[in-house]
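Worksheet: one structure, shown below.
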Amino acid sequence: MFTGLVEEIGVVAELNPHDETGGTSLTITLPSSSTLLADAQLGDSISINGVCLTATHITQSPTPSFKVGIAPETLRLTNLGALTKDSRVNLERAVRADTRMGGHFVQGHVDTTAEIARVAQDGNALTFRFAPKALDVLKYIVYKGYVALDGTSLTVTAVNDEEGWFEVMLIAYTQEKVVVAQKKPGETVNVEVDVLAKYAEKSMAGYLGAQGQLLVKPMLEQMVQNLVAQALGGHS
């Protein structure tokens, strides 16, 4: 579990599609002054551009770095496979019991990617418009709700279900702290919708599944009665 508050920006040292395990691995380096890995252990979860991954190798010196493995499903659902050497990535360690929840509940389980459709200046802020690859995620994205983009917790400022896009605004401070701010139209971000919206949907689906007939039947009966009354009134 993460908060969506980026702790550090790392740099891709290598994306190896054929590592010693026969799979894909990603190595990230950090600034020499970074303390992100100070208490890190093998097996720890670290979010890379919003994707929860397991540290399989950690180096503290001379330059802090760590390696993670990337599963084929992760490569299919995220944009990690498009990373190249020197790409910048958002990093966040998993939350602890004493961590302030300054963002929102982020699992690190990406739902889809989204293409940047437009970037517009608004004072010293930037408004980004995103077109998600999987349009069905829009039902979980609401005005003033949360969304995680490349692991950054952001507030939705506009959403258009018919045209298939949503927007967020980055203030000047955030622009300096996350990689999304440096991206251009045509580039992509990883999208994770608010998991609480999914739980709400499932709870309502279960409720309606059990109670739907009891709720819908009286409504239909009332509608029929109204139509009959209107018809009789029209012929009286």
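These numbers come from a predicted model, not from an experiment.
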Let me confirm one number: the OG1-CG distance from Thr21 to Asp19, rounded to the nearest 0.5 Å. 3.5 Å
Joint hydrophobic cluster, Ile46 plus Ile28, side-chain heavy atoms closer than 4.5 Å: yes
Lys85 and Glu14 ion-paired at < 4.0 Å: no
Distance-only, no hydrogens or angles: does the Glu8 side chain make a donor-acceptor pair with backbone N or O of Glu92 under 3.5 Å? no
Supply the atom-to-atom distance Ser87 OG to Asn49 CG, rounded to the nearest 0.5 angstrom. 9.0 Å
Taking every non-hydrogen atom, the tightest pair across Gln121 and Leu126: OE1-CD2, 3.3 Å
Would you check if Val110 and Val191 make a side-chain contact, meaning some heavy-atom pair closer than 4.5 Å? no
Residue pairs, two or more places apart or on separate chains, that pass salt bridge (charged side-chain N to carboxylate O under 4.0 Å, His left out) and touch residues 171-196: Asp150-Lys183
Side chain of Ser47, backbone of Gly108: donor and acceptor closer than 3.5 Å? no
Look only at the side chain of Ser61 and the backbone of Thr63, and say whether a donor-acceptor pair between them is shorter than 3.5 Å. no
Out of curiosity, Ser153 OG to Phe2 CZ, how far, rounded to the nearest 0.5 Å? 13.5 Å
Within one Ile-Leu-Val-Met-Phe-Trp-Tyr cluster: Val147 and Val137, side-chain cutoff 4.5 Å: yes
Are Val119 and Pro185 side-chain neighbours, meaning at least one heavy-atom pair lies under 4.5 Å? yes
Would you call Asp39 and Arg93 a salt bridge, taking side-chain N to carboxylate O under 4.0 Å as the test? yes
Is any side-chain heavy atom of Thr84 less than 4.5 Å from a side-chain heavy atom of Val12? no
Using distance alone, with no hydrogens and no angle criterion, decide if Asn79 and Asn190 have a side-chain donor and acceptor under 3.5 Å apart. yes
What pairs with Phe66 under ring-ring contact (aromatic ring centres under 6.0 Å, His included), at least two apart in sequence or on another chain? none
Among Leu30, Leu91, Asn90, Val89, whose side-chain contact (heavy atoms from CB on, under 4.5 Å) with Ile9 holds? Asn90
Between Gln60 and Ser65 (side chain of the first, backbone of the second, donor and acceptor by atom type, cut-off under 3.5 Å), is there such a pair? no
Using atom types as modelled and distance alone, determine if a side-chain donor or acceptor of Asn16 lies under 3.5 Å from a backbone N or O of Thr24. no
Look at the side-chain heavy atoms of Ile, Leu, Val, Met, Phe, Trp and Tyr, link any pair under 4.5 Å apart, and say whether Phe105 and Val142 land in one connected group. no
Can you give me the closest heavy-atom contact between Asn160 and Glu162, atom names plus distance? OD1-N, 3.1 Å
Ion pair Arg118/Glu167, N-O distance below 4.0 Å: yes
One should read off an interatomic distance between Arg129 CZ and Glu115 CD, to the nearest 0.5 angstrom, of 13.0 Å
Output the distance between atom OG1 (Thr188) and atom CD1 (Ile116), rounded to the nearest 0.5 Å. 8.0 Å
One should read off an interatomic distance between Cys52 SG and Met1 CE, to the nearest 0.5 angstrom, of 10.0 Å
Do the side chains of Leu26 and Leu83 get nearer than 4.5 Å, heavy atoms only? yes
Looking only at atom types and distance, does a side-chain atom of Ser34 sit under 3.5 Å from a main-chain N or O of Leu36, one as donor and one as acceptor? yes
Check against salt bridge (Lys or Arg N to Asp or Glu O under 4.0 Å), Asp111 and Lys198: CA-CA 11 Å; Asp111 294 293; Lys198 294 181 180 180; 2.5 Å; yes
Heavy-atom pair of closest approach, residues Leu170 and Phe128: CD1-CE1, 3.7 Å
State plainly whether one hydrophobic cluster holds both Val106 and Val180, where clusters connect Ile, Leu, Val, Met, Phe, Trp and Tyr through side-chain heavy atoms under 4.5 angstrom apart. no
Locate the shortest heavy-atom distance separating Val156 from Ala158; write the atom from each residue and the value. CG1-O, 3.4 Å
Can you tell me which residue pairs pass the ring-ring contact (aromatic ring centres under 6.0 Å, His included) test with a partner in residues 132-168, sequence neighbours excluded? His104-Tyr146, Phe130-Phe166
Taking the side chain from Thr112 and the backbone from Ala134, do they hold a donor-acceptor pair closer than 3.5 Å? yes
For Thr56 and Gly69, work out which heavy atoms get closest and say how close. CG2-N, 4.3 Å
Please report the closest heavy-atom contact between Asn124 and Ala172, naming both atoms and the distance. ND2-CB, 3.7 Å
Cluster link Leu80 to Val68, ILVMFWY, side chain under 4.5 Å: yes
